[in-house]
Amino acid sequence: MDNWEIAKILSDLSFYLEMEDEPFKPRAYEKAASAIEALDVPLQDIYKKQGIKGIEEIPGVGVSIAEKIEELLKTGKLKYYEQFKKKYPLDLDSLTRVEGVGPKSLKKLYEKLKIKNLADLEKAAREGKIRKIEGFGEKTEQNILKSIEFLKQGGHRFVLGFIYPQVESIVTRLSKLKEVKKITAAGSVRRMKETIGDLDILIISDNPMPVMDYFVNLPDVFQVVAHGETKSAIRLKNGLDVDLRVVPQESFGAALNYFTGSKDHGIHLREIAIKKGYKLNEYGLFKNQKSKIKNQKEIRLAGETEEEIYEALGLDYIEPEMREDWGEIELAAKHQLPKLIGYNDIQGDLQIQTDWSDGANSIEEYVREALKQGLKYIAITDHTKSLAMTGGCDEKKLLKQMQEIDGINRRLEKEGIDFKVLKSAEVNILKDGSLDIEANVLAKLDLVAAAVHSNFNQSKKEMTERICRAIRNPLVDIIFHPTGRVVLKRPPYEIDIEAIISEARKNGTCLEVDAYPDRLDLKDEHIKKAIEAGVKLSIDSDAHSTTHLNYLKFGIAQARRGWATKNDIINTRLWSEMLKLIKANKRKK
DNA sequence: GCCGTTTTCGGCCCGACTGTTTTCAGTCG
């Protein structure tokens, strides 16, 4: 039984306990569930090594929950959980996704109407049975049907990089209105999470109604969910929910902080506020002034900017990408936050596919676009021969491409343009971990990257060893998209990420942060681990067209979410220094 | 059920909105 399954059971238990109206326990179970979800070591391993004591050491897990986890690890079952499942035989996975229906409602619906799943719920709503239950009404029944309809359309999360242009366009349109004094997108967009569920926009305005009217009449609006003076909400045709809120100037920082999240980060901040005798909400940070008479007066300590709020709490300012309560608050208290890589720190792009394989543009076209974007170099990394469907290069074609690149570099130099094209390739890692291009040709490249593109369903052991063998290859400088996932589409291949990171460190091989919006591979938590282990990373667009070069920012964002500094990323350096560093690291092994 | 520079007992994040009510529970972010 893996961590994810155990976290799921604890989270379900939290829900059942809420149905029973138990105070406080639901929160304890939910906390334990999210702690386990975030854990990077299998509970099974912890239990094997340190027994139940090791499990109790996980923050949020105490004696009682540790025992339950032990039972799950030992028997694969949990009596406590089975009892609830028997008492409420509900399809929680689907039912909890219905908006506006929580534990209390589901309990009533089950007890009165025997509703167990989404189909039951829809049927009862259509037949007008729900409105007859005390506490429910016609409106609730309609909302349930609407929400089920939405779920059926499958729209709930979006890949950030793919929806980003639309986000920018909405913010830009609104910012042009004269009534808008200030505007910022908050929420997971501001934290640059790989996927987003909705978009929260905050504005300051003395005259918000015209802004709201404009907002609910934007093109592509499917439905106006709310249309008020301080808050409006729309659903776009593609299913994205957008909320617009007006906040007073003196509260802008507090609101921005509150709506940026994450939820856990916010909770942790409010707990710190309480310990200091303060209160933090979306209007500001306040101190209760107890006067001699009974009534209390609130004194505002901070609120207009996020910086002053963090400062008043005794913390350094925390970048939005770090706000996940992964330990950043503790570091901020000790003034030990890492200085994250900046969005303008990348000098070159190390993964680019051209029309030599499955890319849409020529090397020359990429050079022009990269220059426009302010880059100083690019590495050409076309696919290699075993990936036939991409028109991958064989040895002969690669040698020919090297000649062309030499020619381009000569021309650039002659024209006095400070730009370098590096000779490289995205070499296939074959089933056994060997490469599909001969070593004597690879040795002629400036940079060798290797990646898995086939036989995805090998066992964890085989796949891990396959990639580790490529990492050990003295010719390989970088492993591209190490886990092979496609966000919202394909899970990563079965690999032992710890083993791969440790092998990369031992051999001085770099790992990639592939910036393509639905790859983002490595992802944030793996980036954090790799950096802690001392592995160097590259951030590359994986462009298949010149328009993809601006995807780099999503890779940088992911790296920032993984707490990467400029020094951790090889291509923040000049190309010559970068190559020197890589080769030196590879030799060290 | 968890946890501790207020506490090993007595607290537990906060506010808005919605739909149902006629003062509030449930849900959400």
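Throughout, protein chains are lettered first and strands after them, A, B, ... in sequence-line order, and every chain is numbered starting at 1. On a predicted model such as this, the values are computed, not experimentally measured, just so you know.
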Problem set entry | A:L106 vs A:E271, nearer the 5' end of DNA chain B by closest nucleotide |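 The residue closer to the strand's 5' end, by nearest nucleotide, is A:E271.
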
Exercise. Does A:V63 or A:K108 map to a spot on DNA chain B nearer the 5' end, using the closest nucleotide for each?
Worked result: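 Going by which nucleotide is closer to the 5' end, it is A:V63.
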
How is [X] classified with respect to the nucleic acid when contacts are heavy atoms under 4.0 Å: base, sugar-phosphate, or nothing?
X: A:P26; answer: nothing
X: A:I65; answer: sugar-phosphate
X: A:P23; answer: nothing
X: A:K104; answer: sugar-phosphate
X: A:K139; answer: sugar-phosphate
X: A:K276; answer: nothing
X: A:E138; answer: sugar-phosphate
X: A:D243; answer: nothing
X: A:E22; answer: nothing
X: A:Y29; answer: sugar-phosphate

Exercise. With side chains defined as the heavy atoms from C-beta onward, is the minimum distance between A:E229 and A:M209 less than 4.5 Å?
Worked result: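 The answer is yes, as the side chains (C-beta and beyond) meet within the 4.5 Å cut-off.
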
Problem set entry | Watson-Crick or G-U wobble partner of B:dT8, both distances under 3.5 Å |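 Paired with B:dT8, as far as the under-3.5 Å criterion goes, is no nucleotide at all.
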
When you compare [N] with [M], how far apart are their [atom1] atoms, in angstrom units rounded to a whole number?
N: B:dG15; M: B:dG10; atom1: C1'; value: 24 Å
N: B:dT8; M: B:dC12; atom1: P; value: 16 Å
N: B:dC17; M: B:dT23; atom1: C1'; value: 16 Å
N: B:dT7; M: B:dG11; atom1: C1'; value: 8 Å
N: B:dT21; M: B:dG26; atom1: C1'; value: 13 Å
N: B:dG4; M: B:dC13; atom1: P; value: 14 Å
N: B:dC2; M: B:dT6; atom1: P; value: 23 Å
N: B:dT22; M: B:dC14; atom1: P; value: 30 Å

For this session: For A:D243 and A:A233, work out which heavy atoms get closest and say how close.
Result: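 Distance-wise, the nearest heavy atoms are OD1-CB, 3.4 Å.
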
Exercise. Taking only residues two or more places apart in sequence, or in another chain, which ones meet A:D518 in a side chain to side chain contact (heavy atoms under 4.5 Å, CB included)?
Worked result: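 Counting only residues at least two positions away or on another chain, A:D518 forms a side chain to side chain contact (heavy atoms under 4.5 Å, CB included) with A:V159, A:F162, A:V486, A:V487, A:K489, A:Y516.
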
For this session: Sequence neighbours left out, what passes side chain to side chain contact (heavy atoms under 4.5 Å, CB included) with A:I9? Give chain and number order.
Result: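 Counting only residues at least two positions away or on another chain, A:I9 forms a side chain to side chain contact (heavy atoms under 4.5 Å, CB included) with A:M1, A:L13, A:L72, A:L78, A:Y81.
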
List, one per line, each side-chain donor-acceptor pair under 3.5 Å for residues 26-37 of chain A, sequence neighbours excluded.
| unit_1 | atom_1 | unit_2 | atom_2 | d |
| --- | --- | --- | --- | --- |
| A:Y29 | OH | A:K68 | NZ | 3.4 |
| A:E30 | OE1 | A:S14 | OG | 3.4 |
| A:S34 | OG | A:K31 | O | 3.3 |

Exercise. So which of A:K193, A:R561, A:R560, A:K529 actually passes side-chain hydrogen bond (donor to acceptor under 3.5 Å, both in side chains) with A:D524?
Worked result: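 Of the listed residues A:K193, A:R561, A:R560, A:K529, the side-chain hydrogen bond (donor to acceptor under 3.5 Å, both in side chains) partner of A:D524 is A:R561.
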
Exercise. Under a 4.0 Å heavy-atom cut-off, which of residues 109-134 of chain A touch DNA chain B?
Worked result: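 The stretch gives none, as no residue of it lies under 4.0 Å from the strand.
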
Problem set entry | Main-chain N/O of A:E250 paired with A:R300 side-chain donor or acceptor, under 3.5 Å |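 Judged by distance alone, yes, a pair lies under 3.5 Å.
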
Problem set entry | N/O donor-acceptor pair under 3.5 Å between A:R190 side chain and A:T260 backbone |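 Side chain of A:R190 to backbone of A:T260, a donor-acceptor pair under 3.5 Å: no, none is there.
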
List, one per line, each side-chain donor-acceptor pair under 3.5 Å for residues 48-59 of chain A, sequence neighbours excluded.
none

Exercise. Do A:N143 and A:T140 have side-chain N/O donor and acceptor atoms under 3.5 Å apart?
Worked result: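 The answer is no; no qualifying pair exists.
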
Exercise. Do the side-chain N and O atoms of A:Q83 and A:Y16 include a donor-acceptor pair separated by under 3.5 angstrom?
Worked result: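 Looking only at side-chain atoms, A:Y16 and A:Q83 do not form any donor-acceptor pair under 3.5 Å.
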
For this session: Taking heavy atoms of chain A and a 4.0 Å limit, find me the 5'-most and 3'-most nucleotide of DNA chain B within that range.
Result: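 Listing 5' to 3', DNA chain B meets chain A from B:dG1 to B:dG29.
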
